[in-house]
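Notes to accompany the following structure.
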Amino acid sequence: MAEGVTPRIRVPRDATAGETITIKTLISHPMESGQRKDGDGNVIPRSIINRFTCDFNGENVIDVTLEPAISTNPFLEFQAVVPESGTFEFAWYDDDGDIYTDTKDIAVS
Amino acid sequence: MSFTRRDTLRLAMGTAFAAAVPFKVFADVDADVAAFTGGAEIGEGGITLIAPEIAENGNTVPIEVDAPGAVSILVLATGNPTPAVGTFNFGPLSGAQQASTRIRLAGTQDVLAVAQMADGTFVQARQEVKVTIGGCGG
């Protein structure tokens, strides 16, 4: 499953050095839990995003393991420290092996 | 078919009783916690779990965990068919050991958060969420 998966990320455009900023991410994904059944009573196979990572200039900010109990279109909000200007790298790991990535730049004054 | 006064009362009582018994599935919550802590003792305090008291829709229940000084936080929904919800591992650049997300709850149950602190100790927090419509399908 790879159609229609769009990550959306909100990172402040600029910050002061050492400031703690809030990052919000949302990715559109059905997060099929593997518990539901279709009309014929067959179990719909599990298809979720099982891991999310956020790095800043190669250093890890957060690494989240997601289970089927995370809602459709997984939303995550967390805090990061920005010591210098750089790039946030975001990665979502799908059950089928796909990795969806995105980056956001931030200017630190 | 006609209802007598007695039948009606009995029916009403039965319905009320069925509604009062909460949805409970005793799954392997303890096993998940033990796998995370390695059997270590779990204390209280130092961790905050924010979840709504009443969630109208079990498909998206907003939760927030906050444990200053934690290296990782495990979140469990004790009444779900599979209790694990997720694990947050905080890296060196995380500004605060705080995260929020949206989870699925099958029914009224306790949400449990266990945090591993930097010194290797564990703390937990619990919050009951009443769910009007369950979120695990059928």
Side-chain angles (χ1 to χ4, degrees), chain A residues 11-12 15 18-27 29-39 41 43-44 46 48-84 86-89 106, chain B residues 25 27-29 32 35-36 50-51 55 57-68 70-107 109 111-112 129 131 134-138:
Chain A
V11 175
E19 191 185 337
T20 299
I21 58 161
T22 302
I23 299 177
K24 294 181 183 185
T25 71
L26 188 141
I27 187 164
H29 192 283
M31 294 291 276
E32 192 56 63
S33 68
Q35 303 276 349
R36 300 198 309 151
K37 290 182 179 139
D38 63 15
V43 172
I44 306 171
R46 176 184 132 151
I48 66 163
I49 286 171
N50 55 44
R51 185 172 171 225
F52 165 77
T53 59
C54 172
D55 295 276
F56 181 70
N57 290 352
E59 255 202 284
N60 184 246
V61 176
I62 197 167
D63 182 342
V64 185
T65 311
L66 307 173
E67 306 283 349
I70 300 283
S71 299
T72 305
N73 302 341
F75 162 82
L76 288 163
E77 181 185 338
F78 52 93
Q79 319 278 331
V81 176
V82 278
E84 75 251 336
T87 310
F88 281 103
E89 291 143 33
I106 187 166
Chain B
V25 182
D28 42 354
V29 175
D32 280 3
F36 182 70
I50 300 168
N57 182 359
N59 267 315
T60 61
V61 183
I63 61 150
E64 182 180 335
V65 284
D66 185 5
V71 289
S72 94
I73 301 178
L74 170 76
V75 180
L76 296 171
T78 54
N80 273 6
T82 50
V85 171
T87 314
F88 300 91
N89 300 301
F90 299 101
L93 280 183
S94 68
Q97 284 67 45
Q98 180 263 336
S100 49
T101 185
R102 294 172 189 154
I103 67 171
R104 288 179 180 139
L105 297 175
Q109 57 180 281
V111 177
L112 178 69
V129 181
V131 177
C136 280

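In the text below, chain A, chain B and the rest are named by the order of the sequence lines, each starting its count at 1.
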Inset, instruction - Kindly say whether A:Ala80 contributes a backbone atom to a donor-acceptor pair with the side chain of B:Ser94 at under 3.5 angstrom? - result: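 No, because the side chain of B:Ser94 does not come within donor-acceptor range (under 3.5 Å) of the backbone of A:Ala80.
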Inset, instruction - Go through A:Asp63, A:Ile21, A:Leu76 and name the one with the most non-hydrogen pairs under 4.5 angstrom from chain B. - result: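 Result: the option with the highest number of such pairs is A:Asp63.
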Legend entry - When A:Asp55, A:Ile62, A:Thr20 are compared by non-hydrogen pairs under 4.5 Å with chain B, the top option: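 Of A:Asp55, A:Ile62, A:Thr20, A:Ile62 has the most heavy-atom pairs under 4.5 Å with chain B.
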Inset, instruction - Taking all heavy atoms of A:Ala69 and all of B:Ala84, pick out the closest pair and write down the distance. - result: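 Closest pair (atom of A:Ala69, atom of B:Ala84, distance): CB-O, 3.7 Å.
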Inset, instruction - List the atom of B:Thr101, the atom of A:Phe75, and the distance in Å for their closest heavy-atom pair. - result: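 Closest approach of B:Thr101 to A:Phe75: OG1-O, 2.6 Å.
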Inset, instruction - Carefully, step by step, assess B:Thr82 and A:Gln35 under the rule side chain to side chain contact (heavy atoms under 4.5 Å, CB included). - result: CA-CA 9 Å; B:Thr82 50; A:Gln35 303 276 349; 4.0 Å; yes
Inset, instruction - Would you please say whether a donor-acceptor pair under 3.5 Å links the side chains of B:Arg104 and A:Thr72? - result: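 On atom types as modelled, these side chains qualify, holding a pair under 3.5 Å.
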Per-residue contact mode, [X] against chain B (heavy atom under 4.5 angstrom):
{"X": "A:Pro74", "answer": "neither"}
{"X": "A:Thr65", "answer": "both"}
{"X": "A:Leu66", "answer": "backbone"}

Inset, instruction - Under the side-chain hydrogen bond (donor to acceptor under 3.5 Å, both in side chains) rule, collect the residues that match up with B:Asn89, sequence neighbours excluded. - result: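 Checked B:Asn89 against side-chain hydrogen bond (donor to acceptor under 3.5 Å, both in side chains); zero matches.
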Legend entry - B:Pro92 side chain reached by A:Asn60 side chain, heavy atoms, under 4.5 Å: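 A side-chain contact under 4.5 Å exists here.
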Inset, instruction - For residues A:Leu26 and B:Arg102, determine if any side-chain heavy atom of one lies less than 4.5 Å from a side-chain heavy atom of the other. - result: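 A side-chain contact under 4.5 Å exists here.
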Nearest 0.5 Å, please: how far is [atom2] in [Y] from [atom1] in [X]?
{"X": "B:Gln97", "Y": "A:Gln79", "atom1": "CD", "atom2": "CD", "answer": "9.5 Å"}
{"X": "A:Met31", "Y": "B:Asn59", "atom1": "CE", "atom2": "CG", "answer": "12.0 Å"}
{"X": "B:Leu76", "Y": "A:Glu67", "atom1": "CG", "atom2": "CD", "answer": "9.0 Å"}

Legend entry - Non-neighbouring partners of A:Phe88 that pass ring pair (Phe, Tyr, Trp, His ring centres under 6.0 Å), sequence neighbours left out: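 Expected list: A:Phe56.
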Legend entry - Which portion of B:Ala77 sits near chain A, non-hydrogen atoms under 4.5 angstrom: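 Interface part for B:Ala77: neither.
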Legend entry - Largest heavy-atom contact set with chain A, pairs under 4.5 Å, which of B:Ala99, B:Gly91, B:Gly86: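 Max contact count across the listed options: B:Gly91.
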